[in-house]
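Both counts, for ligands and for their atoms, begin at 1 and track the order of listing. Along the sequence shown, residues carry numbers from 1.
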Amino acid sequence: MDKDKLFDLYREMGIRREICEFGAVIEAGLGKRFAAIDRTAEYNQMKVIGAMQKNKVQEGCFHYASGYGYNDWGRDTLEDTYASVFHTESALVRPQITCGTHALALALGANLRPGDELLSASGKPYDTLEEVIGIRPSSGSLAEYGITYSQADLLKDGSFDYEAIERALTDKTKLVAIQRSKGYQTRPSFSVEQIGQVIAFVKEKKPDVICMVDNCYGEFVEMIEPSDVGADLVVGSLIKNPGGGLAPIGGYIAGKKELIDACGYRLTSPGLGKEVGASLGTKQSFYQGLFLAPAVTAGALKGAVFAANIYERLGFPVVPDGTESRHDIIQAVELGTAEGVIAFCRGIQAAAPVDSFVTPEPWAMPGYDSDVIMAAGAFVQGSSIELSADAPIKPPYAVYFQGGLTWQHAKFGILMSLEYMMREGLVKKLPGENR
Ligand SMILES: *Cc1c(COP(=O)(O)O)cnc(C)c1O
């Protein structure tokens, strides 16, 4: 391909030539990584197509369903397809599940009863779950319903503390929750294999306990999912990986039939369960998004690996580092200054297909103890499978970067973040420059 022609276009789009050259050098070194990502995507693509064929997905599955949603068989087929992809007995996949937090709250609320205890085996859970559980007092929390909580903190290196988990398992423990992705922490994310080991350990100590995995950002990153290694419930958001960028809303829970049925009764009503809940016009986007999800996830992963390698070469600490294996699509970059995270986020925003002319500003978001800056120029509001970045304005001034519906867009966003860093004088010189 004519490199000059491409670099001229990048220049018109606002990116100086040295950055393009630097990006090309980094990209050239990532051939093996990218090939491995493509192989995983190929495997997962076959898994999804196989599931769709097995469940006889057909044009009629996409039809609009209204009212109570009785006989919304396209919805039921979608749920069977999810169950086939995750190798589970059943699944609940609905537009009425508003987000990932809601899906997790639903799975917990449906399967815990007063007097039961919830144990987090992966330390502090994702921020929004603190209010679901009642770690931070909140109206309607599990704590208000007499469900207690205990937590086995991770070891210093971020691995599971098996002794602490064993100590925390009591007669009351009904459900053990494991979070795959690091979320907004700097620990490593867990591989599916590591999750399988901790599940096996828990089941050996207490066979009747329910193991639930918060799978957010992890779907299709590996060839297996937590449900392949013993998880009774896997939970996630459709505006992350499995929605493939097309799902406009929604969440999923896949797992054992009786546990999923309980989720249905909790989502709608005792007695009604999964039988009601019209999918309205969402089904085609859910199916087509699931179909695209392996490839979209691969693009986002390439973007994360590229970002890690770019910023690592520039001397910034990155988690995961440029060579580590990946278990989710999140990339953290420690920029070290407020100006750094602001410039980075403004670059990501400037590279967006939507709202590129908007300048993100830090603001006091509810639920956070410092100002937060967010960049998102997304087709679906708040979608984080689309290219997005956010950062709390506090030390160590780390930005969390994820998504990109295509690798090309993710790359453009990262190059633009660097362009903005350079314009602000926060990166002065690129490695390999002979000036
Ligand atoms: C995103 C996320 C959630 C919550 O999902 P929302 O859709 O933002 O409510 C929960 N856990 C993890 C690990 C996440 O990444």
Check your understanding: Could an N or O of ligand 1 be found under 3.5 Å from any N or O of Gly183, whether backbone or side chain?
Key -> no
Exercise for review: Return yes or no for this condition: an N or O of Tyr126 is under 3.5 Å from an N or O of ligand 1.
Suggested key: no
Looking only at protein heavy atoms, which one is nearest to [atom], and how far off is it?
atom                   : answer
atom 7 (O) of ligand 1 : Gly100 N, 2.8 Å
atom 8 (O) of ligand 1 : Lys240 NZ, 4.2 Å
atom 9 (O) of ligand 1 : Thr101 OG1, 2.5 Å

Exercise for review: Could you pull out the closest heavy-atom pair between Ala65 and Ala278, with the gap in Å?
Suggested key: O-CB, 3.3 Å
Revision key, fill the gap. Correct closest heavy-atom pair for Pro360 and Arg346 would be O-NE, 3.0 Å
Practice item. Tell me, please, whether Tyr145 has Lys174 positioned over its six-membered ring: NZ or CZ under 6.0 Å from the ring centre and within 45 degrees of its axis? Key: no
Study note, to complete from the structure: Note: Asp214, heavy atoms under 4.0 Å from ligand 1, region reported as side chain
Check your understanding: Under a 4.0 Å heavy-atom limit, does Arg180 contact ligand 1 with its side chain, its backbone, both, or neither?
Key -> neither
Practice item. Report the C-alpha distance between Lys54 and Asp80 in whole Å, list the side-chain angles of each, state the deciding distance to 0.1 Å, and finish with yes or no for salt bridge (charged side-chain N to carboxylate O under 4.0 Å, His left out). Key: CA-CA 9 Å; Lys54 181 179 161 204; Asp80 291 344; over 6 Å; no
Exercise for review: Could you tell me if any non-hydrogen atom of Leu104 lies under 4.0 Å from any atom of ligand 1?
Suggested key: yes
Practice item. Using distance alone, with no hydrogens and no angle criterion, decide if Tyr311 and Ser417 have a side-chain donor and acceptor under 3.5 Å apart. Key: yes
Review point. Are any side-chain N or O atoms of Arg113 and backbone N or O atoms of Ala110, one a donor and one an acceptor, separated by less than 3.5 Å?
Key: yes
Review point. Between the side chain of Asn215 and the main-chain N/O of Gly236, is any donor-acceptor distance below 3.5 Å?
Key: no
[X] neighbourhood, listing ligand 1 atoms whose heavy-atom distance to it stays under 4.0 Å:
X      : answer
Tyr217 : 15 (O)
Cys99  : 7 (O), 9 (O)
Gln179 : 13 (C)

Practice item. Taking atom CD of Glu144 as the centre, report whether more than 12 heavy atoms of other residues, nucleotides or ligands fall under 6.0 Å from it. Key: yes
